[in-house]
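Read the numbers this way: they start at 1 and go in the same order the structure lists the ligands and their atoms.
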Amino acid sequence: MSSQITNWAGNVVFRAERVERPSSLDELRALVARSGKVRVLGSGHSFTRIADTPGVLVSLDGLPVGIEIDGDGAGVRVTGSVRYTELGPRPHWGKLFTIPAGTLRTRYERLPDFRKPARDLDPAGKFANEFVDEYVLSE
Ligand SMILES: Cc1cc2nc3c(=O)[nH]c(=O)nc-3n(C[C@H](O)[C@H](O)[C@H](O)COP(=O)(O)OP(=O)(O)OC[C@H]3O[C@@H](n4cnc5c(N)ncnc54)[C@H](O)[C@@H]3O)c2cc1C
């Protein structure tokens, strides 16, 4: 490769000879058929060499996007080209995340319903803190 491609953390430099970005399933099939070693590269967030290959790294983000939600909302099927962020994920509140507060608040459609009793029951904000103020109580 001419310029180094690394994982998110920078601790893995991928050895791949090239990165391919097919734009259709047929292109992907042909690429896999003519290539020796192949690995898919997602967001490169893994810390191990699991996504590495001496052959071809394939990014699926050029493929058509498909999202199917079950009628009862209990399940969702997505194509390999969908990244988690495109599904509007909600993070675990106690884990490290980088979603800006304004973006995150839009992902909780019932947040306004929560704010009213939260303010009524705790008008002085005794049980709030800077994090809760920024991510939950701010509008
Ligand atoms: C800041 C940070 C926080 C994290 N927090 C958590 C956490 O809270 N919980 C947790 O479980 N993990 C966590 N992880 C780990 C991360 O979720 C995993 O390493 C995950 O595998 C990364 O996915 P990726 O799409 O970046 O995959 P990559 O690192 O690109 O690839 C990982 C593997 O998945 C395969 N792959 C990727 N995309 C596809 C696809 N579309 N089709 C087929 N195969 C594919 C690759 O070939 C490879 O084998 C965190 C990582 C970071 C950097």
Requested in this report: Please identify which atoms of ligand 1 are closer than 4.0 Å to at least one heavy atom of Leu41.
Outcome: 30 (O)

Report task. Looking only at protein heavy atoms, identify the closest one to atom 24 (P) of ligand 1 and say how far it is in Å. Result -> Ser43 N, 3.5 Å

**Report entry** Taking every non-hydrogen atom, the tightest pair across Val136 and Phe114
**Finding:** CG1-CE2, 3.7 Å

Query raised in the report: Short list, please: which atoms of ligand 1 are under 4.0 Å from a heavy atom of Leu60?
Result: 40 (C), 41 (N), 42 (N)

Query raised in the report: Does the protein put any heavy atom within less than 4.0 Å of atom 13 (C) of ligand 1?
Result: no

Query raised in the report: Less than 3.5 Å between some nitrogen or oxygen of Arg39 and one of ligand 1, yes or no?
Result: yes

Query raised in the report: So, does Asp133 use its side chain to make a donor-acceptor pair with the main chain of Ala128 at under 3.5 Å?
Result: no

Requested in this report: May I ask you to identify the nearest protein heavy atom to atom 47 (O) of ligand 1, giving residue, atom name and distance to one decimal place in Å?
Outcome: Val40 O, 2.5 Å

Query raised in the report: Under a 4.5 Å cut-off applied to non-hydrogen side-chain atoms, are Glu17 and Thr53 in contact?
Result: no

Query raised in the report: Would you say atom 28 (P) of ligand 1 has a protein heavy atom nearer than 4.0 Å?
Result: yes

Report task. Give the residue, atom name and distance (to 0.1 Å) of the protein heavy atom nearest atom 38 (N) of ligand 1. Result -> Gly42 CA, 3.6 Å

Query - Sub-4.0 Å protein heavy atom near atom 52 (C) of ligand 1 - result: yes

Query raised in the report: Heavy atoms of the protein only: does one fall short of 4.0 Å from atom 19 (O) of ligand 1?
Result: yes

Query raised in the report: Are any of the side-chain nitrogens in Asp52 or Arg39 under 4.0 Å away from the carboxylate oxygens of its partner?
Result: no

**Report entry** For Lys95, atoms of ligand 1 separated by under 4.0 Å from a heavy atom
**Finding:** 7 (C), 8 (O)

Query - Donor-acceptor contact below 3.5 Å, side chain Arg83 vs main chain Gly42 - result: yes

Query raised in the report: Is atom 40 (C) of ligand 1 close to the protein, meaning a heavy atom under 4.0 Å from it?
Result: yes

Query raised in the report: Salt bridge or not for Glu139 and Lys116, using N-O below 4.0 Å?
Result: no

Query raised in the report: Do any N or O atoms from the side chain of Asn129 and from the backbone of Phe131 form a donor-acceptor pair under 3.5 angstrom?
Result: yes

Query raised in the report: With distance as the sole criterion, is a donor-acceptor pair present between the side chains of Thr48 and Ser46 under 3.5 Å?
Result: no

Report summary line: Per-atom filter on ligand 1: closer than 4.0 angstrom to a heavy atom of Gly80 are 41 (N)

Report summary line: The protein heavy atom nearest to atom 33 (C) of ligand 1 is Ile50 CG2, 4.0 Å

Query raised in the report: Can you tell me if Ser59 and Asp61 form a side-chain donor-acceptor pair at under 3.5 Å?
Result: yes

Query raised in the report: Nearest protein heavy-atom contact for atom 1 (C) of ligand 1: which residue, which atom, what distance?
Result: Trp8 CH2, 3.7 Å

Query raised in the report: Is Ile67 atom CD1 crowded by more than 12 heavy atoms from other residues, nucleotides or ligands, each under 6.0 Å away?
Result: yes

Query raised in the report: Which residue supplies the protein heavy atom nearest to atom 21 (O) of ligand 1, what is that atom called, and how far is it?
Result: Ser46 CB, 4.3 Å

Query raised in the report: Of all the atoms in ligand 1, which lie at a distance below 4.0 Å from a heavy atom belonging to Gly44?
Result: 26 (O), 28 (P), 29 (O), 30 (O)

Query raised in the report: Taking Arg49 for the side chain and Val13 for the main chain, is one N or O donor matched with an acceptor at less than 3.5 Å?
Result: yes

**Report entry** Protein contact of atom 15 (C) of ligand 1 - nearest heavy atom, named by residue and atom, plus distance
**Finding:** His45 O, 4.4 Å

Requested in this report: Answer with yes or no whether Phe47 contacts ligand 1, where contact means a heavy atom under 4.0 Å from a ligand atom.
Outcome: yes

Query raised in the report: Taking the side chain from Arg105 and the backbone from Glu134, do they hold a donor-acceptor pair closer than 3.5 Å?
Result: yes

Report task. Using a strict cut-off of 4.0 Å, indicate which atoms of ligand 1 neighbour a heavy atom of Ala51. Result -> 31 (O), 48 (C)

